Amino acid sequence: MNKWLVFSLGLFLLVLIACNQTENNHNGTSIDDKVESLLSKMSIEEKVGQMNQYNGFYDVTGPAPSEGDAKNKYEHIKSGLVGSMLNVRGVKNVREMQSLAVDSSRLGIPMIFGFDVIHGHKTLSPIPLAEAASWDLEAIEKSARIAAIEASAEGLNWTFAPMVDISRDARWGRVMEGAGEDTYLGSRIGVARVKGFQGDDLSAVNTIAACAKHFAAYGFAEGGRDYNTVDLGTATLYNVVFPPFKAAIEEADVKTFMNAFNIVNGIPATGNSFLMRDILKGEWGFEGYVISDWSSGEEMIDHGFARDTAHVAQLAAMAGSDMDMESYAYVKYLAQHVKDGKVPESIIDDAVRRILKVKFELGLFDDPYKYCDEAREKKLIYHEDHMDAAREMAKKSIVLLKNENNTLPLSIDQKKIAVIGTLAADKDSPLGNWRMAGDDNVAVSVLEGLKKYSSNITYAEGAKLVTGPTAFPIELEVNETDRSGFKEAIKLAKRSEVVIMVLGEHGLHSGEARSRVDIDLPGLQQELLEEVYKVNKNIVLVLNNGRPLAITWADEHLPAIVEAWQLGIQAGNAIAEVIFGDYNPSGKLPMTFPRHVGQVPMYYNYFNTGRPGPDGELFYPHYMDESHLPLYPFGYGLSYSEFEYSNLTLDASNKKEIKVSVEVKNVSERVGEEVVQLYIRDHVASIVRPVKELKGFKKIALAGGQSKIVEFVLTDNELGFYMPDGEYVVEPGQFDVMVGTSSAEVIKGEFEL
Ligand code: BGC
C-alpha cells in the first residue's frame with residue numbers, strides 16, 4: 001500500500017478515536033449511551049422531576065410562590081422530583097441540597113444548580129451594557145471566565161446569562177443587562193460571554209453552563225415597559241432579534257436557553273412552538289435544553305393563552321419548554337398528562353435527554369460534589385487577580401462623551417477640586433443591579449478613587465438621590481424635595497477651580513422591572529447641576545447610569561462629560577484613572593443616546609423611509625419641538641488621543657470576499673486605542689435595508705503619530721439578510737461601505753455585488 005495512503009488512514013483512525021474520546025465521559029461509554037441507559041430506568045414521575053426546577057431559600061427574583069407550593073421542596077428532592085435548583089449558593093448549602101438528591105432519591109441523579117451570574121459573581125464587574133461599551137471581546141470573555149470561576153467555587157454550575165436581547169428602548173430597565181441596540185455587536189459579545197462561562201471544557205471544575213436568554217424579543221416590550229406586549233414582524237425577528245441567539249449556538253455551543261415573558265405573534269414565548277420547536281430545535285439544531293423564565297409558564301393563564309396550570313403544563317411541554325422555573329406546573333400535572341395521552345412520552349423523553357446530557361457534560365455524574373470544595377471557595381472568591389481584572393474591565397468600559405478644550409485629564413497638581421453629588425460617595429450603587437451574590441457597599445466609590453490621586457479634594461453631597469432603603473427588590477424612593485444640601489454644595493463650588501459632579505441613576509434604577517418614562521437625571525440632580533453651574537462653569541460631569549440618559553442640557557453647557565455607568569467593585573479606581581489621565585478612555589456607546597425621551601425607540605440602523613429629510617422641514621419625519629437626531633450616536637466615544645481616517649480602499653474583484661482597508665492615524669502625541677467600525681448599506685433590495693449596519697470592528701492601539709492599515713473582509717455572512725419567511729439571501733447590487741470612529745462619523749466607498 002502506498003505509504004501516504006497508510007499514513008492518511010492512520011491519521012483518520014486517530015481522529016476517529018480522538019473524537020470518540022471527547023464524546024465519552026472517562027469510562028468509555030458515550031454520553032448519549034449513558035443518557036439512554038439512565039432514561040430507560042426512570043419512571044414517568046422521575047422523568048418529569050428532571051424537568052422541574054425549584055427556587056432555593058435565598059433570593060427571590062420574581063413574584064414569590066405561595067407557601068403551600070414551596071413547603072414540600074425537601075421531600076420532592078428526595079423523591080427524585082426535582083432536577084434543578086436556583087438561588088442556592090455557597091459550597092455548604094449546595095452540598096447539603098445535592099446530597100438530598102444524590103443520597104436519598106431512588107436513582108441518585110444529581111441536580112444542576114443555576115443562578116443569575118450576570119456581571120461577575122462576588123467580584124462584581126461592570127454591568128453588561130458598560131462592558132459592551134469596551135467593544136473588547138477578549139476582555140469581556142475574560143470577565144465572564146472570572147465570573148464562572150467564582151460561581152463554580154461557590155458550588156454553582158449554571159448561569160442564567162448572557163442576556164442577548166437586542167433593545168432599542170432606553171426606557172426598558174433591562175438594557176443594563178444586555179449589549180445594547182446592535183445585532184452584530186450583540187452577537188459578538190454574546191458569543192464571547194458564553195465562551196467565557198463555558199470555557200474550553202465544560203467538565204472542568206471552573207466552567208459552568210451558560211444560558212442565552214430571553215428567547216425571544218423580550219427587549220421589544222411596547223413603551224419600554226417591562227413584561228409588556230411585543231408586536232414584531234418576522235423580518236425584524238430574523239434580522240434583528242434572532243442572530244445573537246443563533247450565534248451563541250453556532251459559535252459558542254451554548255448549553256441552555258431561557259424563553260421569555262412576552263408574546264411573539266400573539267403566543268407567549270413559553271408556549272411558542274414556532275420559536276422553540278421550529279426555529280431553535282428545528283432549523284438551528286439546538287441540542288441543549290430550554291428553561292422557562294420565572295413563572296412564565298403560569299403567566300400564560302393571565303396572557304389568556306392557557307386555561308389553568310394543567311393546561312400550562314401541556315402547552316409549555318408541547319411547545320418545547322424543557323424545564324419549568326417556578327410555575328409548579330410540570331411537577332403537578334405532566335405525568336398525568338402522559339398517562340392520559342395528552343402529552344406523548346416522547347416529548348418528555350426528549351426534554352429529559354437534553355437535561356441529562358448537560359449534566360453528564362458538566363461531569364456531575366462523575367462527581368456530584370465536584371463544585372463543592374470549601375478550600376477552593378475560600379481561595380477564589382475576591383481573588384486579587386479577579387479584582388485587577390475588574391478594574392481593567394471598568395476602565396475599558398468608560399466612554400468620554402465630551403471634552404472641550406482638553407478639560408480632561410485633570411492634572412494631579414490641580415488645586416481646589418470640588419466633588420459634588422451623593423453618588424460620588426456611594427459604595428453600593430456602582431455595583432449595579434443583578435448582583436445577586438454581591439456583598440453590599442463593597443465598591444470603591446468615586447470619591448475614594450479620586451482621593452487616592454489628590455489631597456486637594458473637598459466633597460459636598462448636594463442632594464440625596466434616594467431616600468428610603470435600596471435593598472433588592474425594593475422600589476426606590478427618589479428625593480424630590482430635600483434641598484438642604486444645596487447651599488453647602490454651591491458654596492464649595494464657588495471657591496473651587498474645578499467641580500466634578502457625579503450624577504445619574506442609582507444602581508437599582510435599571511434592571512428587571514425598572515422601566516422609566518423619564519430618562520433624565522432623576523430627583524433634584526438636574527436642578528442641583530444648574531445651581532452649581534451658576535457659580536462655577538468648569539464642571540466635569542461623571543455619569544452613573546444603567547441606560548442611555550437624555551442629558552441634553554449638560555451637553556450644551558458643560559465642558560466635559562464622562563460616561564461611567566455602574567462599573568462594579570473597582571468603579572472609583574477606574575474613574576479616577578481616567579479623570580487624572582493615567583488611562584486614556586477608548587469606550588464607544590453600544591446604544592444611541594437620545595436628546596429627549598420622546599425620540600425613543602431610537603437606533604442608528606433605521607430605515608430610510610419614503611421621506612428621509614431634510615431635518616426640520618414640514619412633511620418630513622421630524623419633530624416640531626426637537627431635532628430628530630440623537631444626542632450621541634451609536635459607536636460614539638472620544639479619547640485623549642485624536643484619530644484620522646484616510647485611504648479607504650475596496651477590492652471587489654472576488655464577490656465572495658470583498659476586501660476593505662483603511663488607514664487610521666493617531667494625530668496626537670498620546671498613545672491611545674481606537675475602535676475602527678465598518679458599516680454597510682445595501683441600496684436596493686427585495687425588502688428595504690437599513691441606512692447603515694455594523695458589519696465589523698477592530699480595536700487597535702496606536703502610539704502618538706503612528707498609523708496603521710486596518711483590514712476587513714466582507715463575505716455572504718455580512719452582505720445578506722433574511723426575508724420575512726426566514727430565507728437568507730444575498731442580492732446583487734450597489735453597496736456603500738462606511739468606515740469610521742462612530743456610526744455618524746465615517747468615510748465612504750462603494751462597490752457593486
Ligand atoms: C428573569 C430572568 C432570571 C430569572 C431567575 C426572572 O425574573 O427574567 O432573567 O434569570 O428571573 O432569577
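Just follow the structure's listing: the first ligand is 1, and inside any ligand the first atom is 1. All figures in this text were calculated on a predicted structure; none of them were measured in a lab.
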Using distance alone, decide if ligand 1 has a nitrogen or oxygen within less than 3.5 Å of any nitrogen or oxygen in Glu512.
-> yes
Would you call Lys332 and Asp324 a salt bridge, taking side-chain N to carboxylate O under 4.0 Å as the test?
-> no
Closest approach of Arg354 and Phe286, non-hydrogen atoms and distance?
-> NH1-O, 2.9 Å
Residue-ligand contact Phe261/ligand 1, heavy atom below 4.0 Å = yes
Taking NZ, NE, NH1 and NH2 as the nitrogens, is one of them in Glu251 or Lys195 under 4.0 Å from a carboxylate oxygen of the other?
-> no
What part of Leu86, side chain from CB on, backbone N/CA/C/O, both or neither, has a heavy atom under 4.0 Å from ligand 1?
-> side chain
For Met258, the ligand 1 atoms whose distance to one of its heavy atoms is below 4.0 Å = 2 (C), 10 (O)
Note: ligand 1 atoms sitting under 4.0 Å from heavy atoms of Phe160 are 10 (O)
Would Arg547 and Asp169 pass as an ion pair if we require N to O under 4.0 Å?
-> no
Closest heavy-atom approach to atom 9 (O) of ligand 1 among His214, Glu326, Glu177 is made by His214
Considering only NZ, NE, NH1 and NH2 on the basic side and carboxylate oxygens on the acidic side, decide whether Glu177 and Arg514 come within less than 4.0 Å.
-> no
Keeping the roles fixed (side chain from Arg193, backbone from Ile118), state whether a donor-acceptor pair exists under 3.5 Å.
-> yes
Mark yes or no for whether Asn87, through its side chain, and Asn55, through its backbone, hold a donor-acceptor pair below 3.5 Å.
-> no
Is Met163 in contact with ligand 1, taking contact as a heavy-atom separation below 4.0 Å?
-> no
Judging by distance only, is a nitrogen or oxygen of Lys213 under 3.5 angstrom from one on ligand 1?
-> yes
Any nitrogen or oxygen of Arg174, main chain or side chain, under 3.5 Å from a nitrogen or oxygen of ligand 1?
-> yes
Do Asp116 and Lys213 meet the salt-bridge criterion of a basic N to acidic O distance under 4.0 Å?
-> yes
Counting both backbone and side chain atoms, is some N or O of Tyr218 under 3.5 Å from an N or O of ligand 1?
-> no
Given that the side chain starts at C-beta and the backbone is N, CA, C, O, which of these parts of Gln53 lies under 4.0 Å from ligand 1, counting heavy atoms, or is it both or neither?
-> neither
